[in-house]
Amino acid sequence: DSGVTQTPKHLITATGQRVTLRCSPRSGDLSVYWYQQSLDQGLQFLIQYYNGEERAKGNILERFSAQQFPDLHSELNLSSLELGDSALYFCASHRGSYNEQFFGPGTRLTVL
Amino acid sequence: AQSVTQPDIHITVSEGASLELRCNYSYGATPYLFWYVQSPGQGLQLLLKYFSGDTLVQGIKGFEAEFKRSQSSFNLRKPSVHWSDAAEYFCAVGNSGGSNYKLTFGKGTLLTVNP
């Protein structure tokens, strides 16, 4: 158990819909990273938040957004969903230099 | 831009045999390097990490990896593979500067273990 929680575990929805994925980092970790794992693209960094502020963006689509709340949990919002958005979405929490990222169990999104 | 190459998509070994999974990275400075393992339907578990110092690092489950700067490599090894090691293995490079420690992953190597 990494100490990072993600909900829901599975999500099945239709094209055009909007979903929200939730992540709670390990106690004391201020940084949250979101990654997408798909068959064609592999594991890709999407976005990072640190103590409520966006710090870095990766290959995140404009249809996707995220935020981190005062209690440090984070949400990833995916809108106007397409079939190609079907993937496993991971969040990871991190404490700073010389530390690894701890990954949550992931949310598997299926867009039909 | 940083990148990671794992040349082997799929490797099959017999139980008890030795294992080496290859990883080559591209990064402008001294990298942070990681190996993660993912079992089917599971999340990512850290096997080992390199930040600095001794270039041979020991991890969990009997794994080790060696950082070779001259070859830009960070290969994962295990002297004797167990059936439970069957999984997908990911090498990753992390930013070592600034405040964004994002990870860049290789495409992964799927390990099959024959009895």
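Below, chains carry the letters A, B, ... as their sequence lines are ordered, and counting in each starts from 1. Only heavy atoms go into these numbers, but all of them, side chains included; no hydrogens, no water, no symmetry mates.
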>> If I measure from the heavy atoms of chain B, does A:Gln6 come under 4.5 Å with its side chain, its backbone, both, or neither?
In response: neither

> Is any side-chain heavy atom of B:Gln38 less than 4.5 Å from a side-chain heavy atom of A:Leu88?
Replying inline: yes

>> Just verifying a value: how many Å separate B:Lys102 NZ and A:Gln44 CD, rounded to the nearest 0.5 Å?
In response: 10.0 Å

> Does CD belonging to B:Gln58 count more than 12 external heavy atoms closer than 6.0 Å?
Replying inline: yes

> Can you get from B:Phe67 to B:Phe63 by hopping between Ile, Leu, Val, Met, Phe, Trp and Tyr side chains that sit under 4.5 Å apart?
Replying inline: yes

> Which heavy atom of A:Glu100 sits nearest a heavy atom of B:Phe51, and at what distance?
Replying inline: N-CZ, 4.1 Å

>> Is A:Asn59 close to chain B through its backbone or its side chain, or both, or neither, when contacts mean heavy atoms under 4.5 Å?
In response: neither

>> Does atom CG (A:Leu112) have a neighbourhood of more than 12 heavy atoms from anything else shown, all under 6.0 Å?
In response: yes

> Any chance CG of A:Leu83 has more than 12 other-residue heavy atoms, nucleotides or ligands included, within less than 6.0 Å?
Replying inline: yes

>> Measuring only between side-chain heavy atoms, which start at C-beta, is B:Leu103 closer than 4.5 Å to A:Tyr35?
In response: yes

>> Do A:Trp34 and A:Leu30 land in one hydrophobic cluster if side-chain heavy atoms of ILVMFWY residues count as linked below 4.5 Å?
In response: no

>> Quick check on the structure: residues of residues 13-24 of chain A within a heavy-atom distance below 4.5 Å of chain B, by number.
In response: none

> Mind checking which of residues 101-111 of chain A sit less than 4.5 Å from chain B, heavy atom to heavy atom?
Replying inline: A:Gln101, A:Phe103, A:Gly104, A:Pro105

>> Are A:Tyr33 and A:Ile47 connected into the same hydrophobic cluster when the rule is that any two of I, L, V, M, F, W, Y join if their side-chain heavy atoms are below 4.5 Å apart?
In response: no

> Considering all heavy atoms of both residues, which atom of B:Gln42 and which atom of A:Phe90 are nearest to each other, and what is their separation?
Replying inline: O-CZ, 4.1 Å

> Do B:Lys107 side-chain atoms and A:Gln41 backbone N/O form a donor-acceptor pair below 3.5 Å?
Replying inline: yes

> Given a strict heavy-atom distance threshold of 4.5 Å, which part of B:Leu46 is in contact with chain A: side chain, backbone, both, or neither?
Replying inline: side chain

> Are B:Ile60 and B:Leu48 joined in one hydrophobic group, where the rule is that I, L, V, M, F, W and Y side chains link up if heavy atoms are under 4.5 Å apart?
Replying inline: yes

> Any link between B:Val13 and B:Leu110 through a network of hydrophobic side chains (Ile, Leu, Val, Met, Phe, Trp, Tyr) touching at under 4.5 Å?
Replying inline: no

